[in-house]
Amino acid sequence: MSETWTEQHIPDQHGRVAIVTGANTGLGYETARMLAEHGAHVVLAVRDVEKGKQAAARIDGDVSVQVLDLTSLDSIRSAAADLRATHPRIDLLINNAGVMYTPKQSTEDGFELQFGTNHLGHFAFTGLLLDHLLPVPGSRVVTVSSIGHRIRADIHFDDLQWERSYSRVAAYGQAKLANLMFTYELQRRLAPHGTTVAVAAHPGGSNTELARNTPAALRVPLTWLAPLITQPAEMGALPTLRAATDPAVIGGQYYGPGGRGEVRGHPKLVTSSPASYDLPTQQRLWTASEELTGVRIPPAQSRAKAASASVSRSR
């Protein structure tokens, strides 16, 4: 695989449907833009519809806007129902939206904001759309993690919602570690079906609005270091785009910038932390996520049989 993978390596996307969460700004916008410019129909799944429409107007391609608030299970279910009705075929689901280093807050359903938005919201959204990806050969679920999955990161099963104490950095680390564990366990469940794969990516250090909640003590040094440790959003989006479109990608892989420390550079295959590959923790997190969201994702073979039976009954 090329180590200087660029936007020009994106294959023709005509005839494909891609859903990108958080696509009105930053990494999500650049991901959506490049997919649309290569021919895909791209759904900008965003919380603020007006901002989504403004973003869509700047993209040269076939795009639409879908309201999606990942802090609300009701909104997630409503958005998934709309998309299922509109798009019987989904080729790409890109779980990009996220929040970072937020003060202690809760989602509408009482989840800690970073864990609820970055992990649980995407877990539920993916589960509710998966039936429309499984019949599509070459379909992919790409979930965006972060270098932050290595920083003070653990899955705190005794206090997933940070009710006893709260560290915005550790909470972000938990959420981004959960993104990877979700990807690896999802791939394990998808593998027997053979059509849809789950892949992860991270943008390195990207100059986007995501870091607006960085703790005050870090803002000044990070401002000075920014030219050395960040890159434009269009570069930060490339690992996600490679994970989504490179024909050589296989399920369970993880892509990030190829430069030193994975903070900048062209996307390449990278390795996540040892903790992210812990199978018992992945499976325990999966069970907890199903219980918290009420969205249960059976093994792919069972879903395939159910879909096949449904098709047979409709003939």
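The figures that follow rest on heavy atoms only: side chains count, while hydrogens, waters and symmetry mates do not. FYI, the numbering just counts along the sequence from 1. The structure presented is a predicted model; accordingly, all values stated were derived computationally and were not measured.
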Checklist entry - Any idea how W162 and Y166 line up, ring-wise: parallel (<30°), tilted (30 to 60°), or perpendicular (>60°)? => result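 If you compare the ring of W162 with that of Y166, the planes turn out perpendicular.
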Item to check | Geometric class of the H41/H87 ring pair [parallel <30°, tilted 30-60°, perpendicular >60°] | outcome: tilted
Item to check | Where R150 and T271 come nearest, the two heavy atoms and their spacing | outcome: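 Looks like NH2-O, 2.6 Å.
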Next on the checklist: Salt bridge check, R84 against D82: does any charged N sit closer than 4.0 Å to a carboxylate O?
Outcome noted: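 Answer for the salt bridge query: no.
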Checklist entry - Is R164 salt-bridged to D158, cutoff N-O under 4.0 Å? => result yes
Beyond-backbone contact of [X] with [Y], side-chain heavy atoms, under 4.5 angstrom:
X    : Y    : answer
V42  : L44  : yes
K176 : Y172 : yes
P203 : P257 : no
L70  : H122 : yes
T6   : H266 : yes

Next on the checklist: Whether the T71 and T107 side chains hold a donor-acceptor pair (N or O, under 3.5 Å, no angle test) is what I'd like checked.
Outcome noted: no
Checklist entry - Would you say the side chains of Q174 and R152 form a donor-acceptor pair under 3.5 Å? => result no
To the nearest 0.5 Å, how far apart are [atom1] in [X] and [atom2] in [Y]?
X    : Y    : atom1 : atom2 : answer
L238 : M34  : CG    : CE    : 5.0 Å
R140 : L92  : CZ    : CG    : 7.5 Å
L27  : I94  : CG    : CD1   : 11.5 Å
E30  : M235 : CD    : CE    : 11.5 Å
N118 : N179 : CG    : CG    : 6.0 Å
T126 : L133 : OG1   : CG    : 8.5 Å

Next on the checklist: Which residues end up grouped with Y254 if you chain together Ile, Leu, Val, Met, Phe, Trp and Tyr wherever their side-chain heavy atoms are less than 4.5 Å apart?
Outcome noted: L180, Y184, V270, Y277
Can you check whether [Y]'s main-chain N or O pairs, donor with acceptor, with [X]'s side chain at less than 3.5 Å?
X    : Y    : value
Q187 : V199 : no
E185 : F182 : no
H14  : A40  : no
Q282 : S276 : yes
H202 : G204 : yes
D91  : A18  : no

Next on the checklist: Counting neighbours of CG on D12 that are heavy atoms of other residues, nucleotides or ligands and sit closer than 6.0 Å, is the number greater than 12?
Outcome noted: yes
Checklist entry - Within a reach of under 6.0 Å around CZ of R58, are more than 12 heavy atoms found that belong to other residues, nucleotides or ligands? => result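 Atom CZ in R58 is packed in, count exceeds 12.
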Checklist entry - side chain to side chain contact (heavy atoms under 4.5 Å, CB included) between V249 and D246: does it pass, once the steps are laid out? => result CA-CA 6 Å; V249 167; D246 188 334; 3.6 Å; yes
Item to check | H38, H9, Q13 screened by side-chain contact (heavy atoms from CB on, under 4.5 Å) with T245, the one that passes | outcome: Q13
Checklist entry - Going through the distances and angles, do V141 and N95 end up as a side chain to side chain contact (heavy atoms under 4.5 Å, CB included)? => result CA-CA 7 Å; V141 177; N95 294 322; 3.7 Å; yes
